[in-house]
Amino acid sequence: MNVRVRFAPSPTGALHIGSVRTALFNWLYARHTGGAFVLRIEDTDVARNTEQSLNTILDGLKWLGLDWDEGPYFQSKRAEIYRQRAQQLRDVGHAYERDGALRFRMTREPVVINDLIAGPVTRALGDREVSDPDFVIVRSDGTPVFHFVNVVDDLEMKITHVIRGEDHLSNTAKHIALFRAFGVESPAYAHIPMILNVDGSKMSKSDPDPAKARLASLTAYVEDGYLPEAVRNYLCLLGWSPKDDRQILPIAEVIQKFDLPQILRHNAKFDVTKLEWMNGQYINALTSDELDWRAATFGIKCADAPYRRAVLNLLKGKISLLKQLPERCGYFFTEDFLIDPAAVAKSPVDPVMLTKLTDRYATLPVWDAATLESNLKALAGELGVKTGQLIHPCRLAVSGQTVGPSLYHMLEVLGRDRVLSRLRKFKP
RNA sequence: GGCCCCAUCGUCUAGAGGCCUAGGACAUCAGAUUCUCAAUCUGGGUACACGGGUUCGAAUCCCGUUGGGGCCGCCA
């Protein structure tokens, strides 16, 4: 069978992280089967749609590397198709008008949904549905409703597998009834469980808690300096597993192993802490080139490219988010860096010793980490002090902080001129 | 209220009746190491929701309870 799947978001604000996972699973399944990944924009609710949020969707998918094979199709441009399909339902007696709206004559019998993930589900009518099982498919203003256009498009676009959030599982009975009314078989369904906040609440873009609301949008991860590969990898592991003990997986391997029946049936909680760890792993694995251009988007700009790269290389093992870069490496790029008062209080500086270190460093024939280390240690020995008594003040003088990369490597990268001038200028 | 889905460490998961005194990862705690730690390494603690069955044997199968989630719109 020629697999055709689709991602069908509605352009209302930011792209929800749960939608992103739905898109990812659709994409994975398409790539796994060699099928087509179709992008369809469900913009039938004119009042809520914006042009900007369409771009948010497209940019988000591109950022994650989820390329689509067809579309985007816009429901707002397919009115004629819906009009004809509505007429078809009228003709076969499955739709009737009431109060100016067109209603679908829904089956009263329980509907069996053979879900690829949840298994066979028998959906009976609820109490409120029993009293009025039929539902509106075209509003009195003539615009079609979600359940209707969703089914019509899946039919017209020859979608073979509908992979979507579990929030649609109950609605699927309506969709299957609609397909039957059209006289065709419904596509296969795969309802993937939801992702929730760690506290079990729903991830909502409009959560009253701003921190939680932020976590629900893909934008937050882009802004915070997550790598798309890391976000994608983390999302793959929410409800799916390679079944060995690895966490970091090349996407090609996920594509090869991914399949619908092994998707877990229970909801997953979104643990941003683990994602951040994973992001650190991905950052650390970045090549110098990749890190360089990504850092540029986080404000790391310095005309001296070799120096800039050396700095980034030094820092990359110590950060887990790209947005940490400016604060962690600011002192590499300016002489006007801040001397942290707390750091001064923490490690008292003996100016005499610092001067001796400066003098010794000034005479070094070569300037590399090994030489800097051996000389500092030798001086500490001559002065009868612990290396730490030279190291900490030195770190403070050249960086203004108590934490940072290995001192000798840091000095090597900073270079002789910067180091000596900072040591001479420093006043505790 | 009705209908539907689900239930292994705090979190993501491995586990498809004996290999489980339940494995891995994140987090956490302790120790080690280096000049610092937000790095690295080592080690520890922590889970089969509960109650009934079925079976020689159940985390794994069945039923119930409890708990969580979803849907019942002229929103998507």
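First the proteins, then the strands, lettered A, B, ... as listed; each starts at 1.
In this model, no side-chain donor or acceptor of Arg246(A) finds a partner on the base of rA25(B) within 3.5 Å. Side-chain to base pairing of Arg123(A) with rC3(B): no donor and acceptor N or O lie closer than 3.5 Å to each other. Residue Arg128(A) places a side-chain atom within donor-acceptor reach of the base of rC72(B), judged by atom type and a 3.5 Å distance cut-off alone.
Contact annotation: Arg139(A) side-chain N/O to rA76(B) OP1/OP2 distance is under 4.0 Å. Put simply, Thr44(A) has a side-chain N or O that comes within less than 4.0 Å of OP1 or OP2 on rA76(B). Between Lys318(A) and rC37(B) there is no side-chain polar atom (N or O) within less than 4.0 angstrom of OP1 or OP2. Contact annotation: Arg395(A) does not reach the phosphate of rC37(B) (side-chain N/O to OP1 or OP2, under 4.0 Å). Look at His266(A) and you'll find a side-chain N or O under 4.0 angstrom from OP1 or OP2 of rU13(B).
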| request: Go through the steps to decide whether Thr172(A) and Arg164(A) satisfy the test side-chain hydrogen bond (donor to acceptor under 3.5 Å, both in side chains), and finish with yes or no. | output: CA-CA 11 Å; Thr172(A) 305; Arg164(A) 65 193 354 174; 3.2 Å; yes

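Here the closest heavy-atom approach between residue Thr358(A) and residue Arg424(A) is recorded as CG2-CG, 3.8 Å.
Electrostatic pairing of Asp199(A) and Lys212(A) counts as a salt bridge here, judged by a charged N lying under 4.0 Å from a carboxylate O.
Distances were taken from every side-chain heavy atom of Val145(A) (C-beta onward) to each of rC74(B), rA14(B), rC5(B); the shortest belongs to rC74(B). The listed nucleotides are rC12(B), rC4(B), rA14(B); the one nearest the side chain of Val121(A) is rC4(B). Nearest to the side-chain atoms of Asn171(A) among the listed nucleotides rC35(B), rA76(B), rA38(B) stands rA76(B).
Under a 3.5 Å cut-off, the side chain of Asn279(A) and the backbone N or O of Leu227(A) do form a donor-acceptor pair.
Residue contacts shown for Phe270(A) are absent, as no nucleic acid heavy atom lies under 4.0 Å away. Within the nucleic acid shown, Ala101(A) comes within 4.0 Å of at least one base atom, counting heavy atoms only. Residue Lys269(A) is in sugar-phosphate contact alone, with no base atom involved, counting any heavy-atom pair closer than 4.0 Å across all strands shown. Within 4.0 Å (heavy atoms only), Glu129(A) reaches sugar-phosphate atoms of the nucleic acid but no base atom. Counting non-hydrogen atoms under 4.0 angstrom, Pro193(A) reaches nothing in the nucleic acid. Note on Leu238(A): only backbone sugar-phosphate atoms sit closer than 4.0 angstrom, heavy atoms only; bases stay farther off. Among the heavy atoms of the strands lying under 4.0 Å from Thr273(A) are primed sugar atoms or P, OP1, OP2 only; no base atom is included. Gly165(A) comes within 4.0 angstrom of nothing in the nucleic acid, heavy atoms only.
Of the residues near RNA chain B, Asp167(A) and Arg98(A), the one whose nearest nucleotide (by heavy atom distance) lies more toward the 5' end is Asp167(A). Mapping Thr387(A) and Lys174(A) onto RNA chain B by nearest heavy atom places Thr387(A) at the nucleotide closer to the 5' end.
Here the P atom of nucleotide rU36(B) and the CD atom of Gln401(A) are 16 Å apart, to the nearest Å. Between Leu249(A) atom CG and rU13(B) atom C1' the separation is 12 Å, expressed in whole Å. Residue His147(A) contributes atom NE2, which lies 9 Å from atom P of rC74(B) at whole-angstrom precision. Leu315(A) places its CG atom 17 Å from the P atom of rC37(B), with the value rounded to the nearest Å. Straight-line distance from the CG atom of Asn267(A) to the C1' atom of rU11(B): 14 Å, rounded to whole Å.
The ring pair (Phe, Tyr, Trp, His ring centres under 6.0 Å) test with Phe25(A) singles out one residue from Trp240(A), Phe258(A), Phe7(A), and that residue is Phe258(A).
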